[in-house]
Amino acid sequence: KMDFSRESEMVYCKNRVILTLRKIHAMLKTLSVLIFAAFFSFQGFAQTDEDGVKAVVSKLFTSMKTADEQAILSCFADNAIMQSIIKDKDGKNTIKSDGVTGFAAFVGKQPQGAADERIVFETIKIDGDLALVWTPYQFFYNGKFSHCGVNAFGLIKVNGAWKIHYLIDTRRKDNCG
């Protein structure tokens with residue numbers, strides 16, 4: 001005579017073990033997918049210094065186009081310097097200095113889309129918390145070509161964020177490629 005209660009109990013235990021192992025297996029699969037996704041998500045969001053430098057320079061020109069005074073100011077370090085090399089009426093080079101606050105206020109009063117400076121990142125050099133950026137540009141005002149030249153930026157890293165400390169540009173109406 002067979003003892004069905006003992007055999008039933010063993011089958012029941014075996015089935016519970018199998019179910020538990022399947023649950024553990026499913027949890028491990030889910031966990032490995034989550035770890036894999038998290039690793040690659042963080043890799044995708046990891047920003048190199050070059051990415052950070054490009055981001056703040058790009059933000060400056062986007063903010064100019066949207067006439068966003070506060071966003072423009074946020075791109076600059078305290079005591080930043082802005083200068084332009086221009087020719088006076090006699091054709092002699094002179095350096096014109098502008099304050100960042102005045103520049104941002106002026107641009108902020110323009111209609112959105114009026115100040116459209118189109119840049120190309122030509123050179124970026126970085127050493128620690130110092131970056132130099134060279135960007136040829138074409139400037140359009142209210143959709144019409146105004147002038148071209150080159151921007152030369154000096155950026156510094158302040159509390160982990162890149163900020164423009166120095167900006168000098170050239171301006172001309174010819175040889176704009």
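Only this structure's heavy atoms are used, side chains among them; waters, hydrogens and symmetry mates stay out. FYI, the numbering just counts along the sequence from 1. All values derive from a computational prediction rather than experimental measurement.
- Heavy atoms from other residues, nucleotides or ligands lying under 6.0 Å from OH of Tyr141 number more than 12.
- For the pair Arg118/Phe61, no side-chain contact is recorded, criterion being any heavy-atom separation below 4.5 Å from C-beta on.
- Judged by distance alone, with hydrogens and angles left aside, the side-chain atoms of Lys173 form no donor-acceptor pair with the main-chain N or O of Cys148 at under 3.5 Å.
- The hydrophobic clustering, which links ILVMFWY residues whose side-chain heavy atoms are closer than 4.5 Å, places Tyr137 and Phe153 together.
- The environment of Asp174 atom CG is dense: over 12 non-hydrogen atoms of other residues, nucleotides or ligands sit within 6.0 angstrom.
- Contact between Ser74 and Lys163 at its shortest, heavy atoms only, is O-NZ, 2.5 Å.
- Around atom CG of Asp88, more than 12 heavy atoms belonging to other residues, nucleotides or ligands sit under 6.0 Å away.
- Taking the side chain as every heavy atom from C-beta outward, Val57 and Phe121 approach each other to under 4.5 Å.
- Side chains of Thr66 and Gln112: no donor on one and acceptor on the other come within 3.5 Å.
- A salt bridge is defined here as a Lys NZ or Arg NE, NH1 or NH2 lying under 4.0 Å from an Asp or Glu carboxylate O, and Arg171 with Asp169 meets this definition.
- Residues Lys87 and Asn93 form a side-chain contact, since some pair of their non-hydrogen atoms from C-beta on lies under 4.5 Å apart.
- Under the 4.5 Å side-chain heavy-atom criterion for Ile, Leu, Val, Met, Phe, Trp and Tyr, Phe106 and Phe76 are members of the same hydrophobic cluster.
- In this structure, Leu73 and Thr101 approach most closely via the heavy-atom pair CD2-CA, 4.0 Å.
- At a threshold of 4.5 Å between side-chain heavy atoms, the hydrophobic network of Ile, Leu, Val, Met, Phe, Trp and Tyr places Leu155 and Trp134 in two separate groups.
- Proximity of a side-chain donor or acceptor of Ser97 to a complementary backbone N or O of Gln83 within less than 3.5 Å is not detected.
- Distance alone, capped at 3.5 Å, is enough to place a donor-acceptor pair between the Thr170 side chain and the Val150 backbone.
- The two residues Asp78 and His165 come nearest to each other via the heavy atoms O-ND1, 4.2 Å.
- Connection of Ile119 to Tyr166 is not established within any shared hydrophobic cluster, with ILVMFWY side chains joined at heavy-atom distances below 4.5 Å, either directly or through further cluster members.
- Among Val133, Asp49, Ile156, the one residue that satisfies the side chain to side chain contact (heavy atoms under 4.5 Å, CB included) test with Trp162 is Asp49.
- Put simply, the side chain of Thr62 never gets that close to the backbone of Lys59: no donor and acceptor are under 3.5 Å apart.
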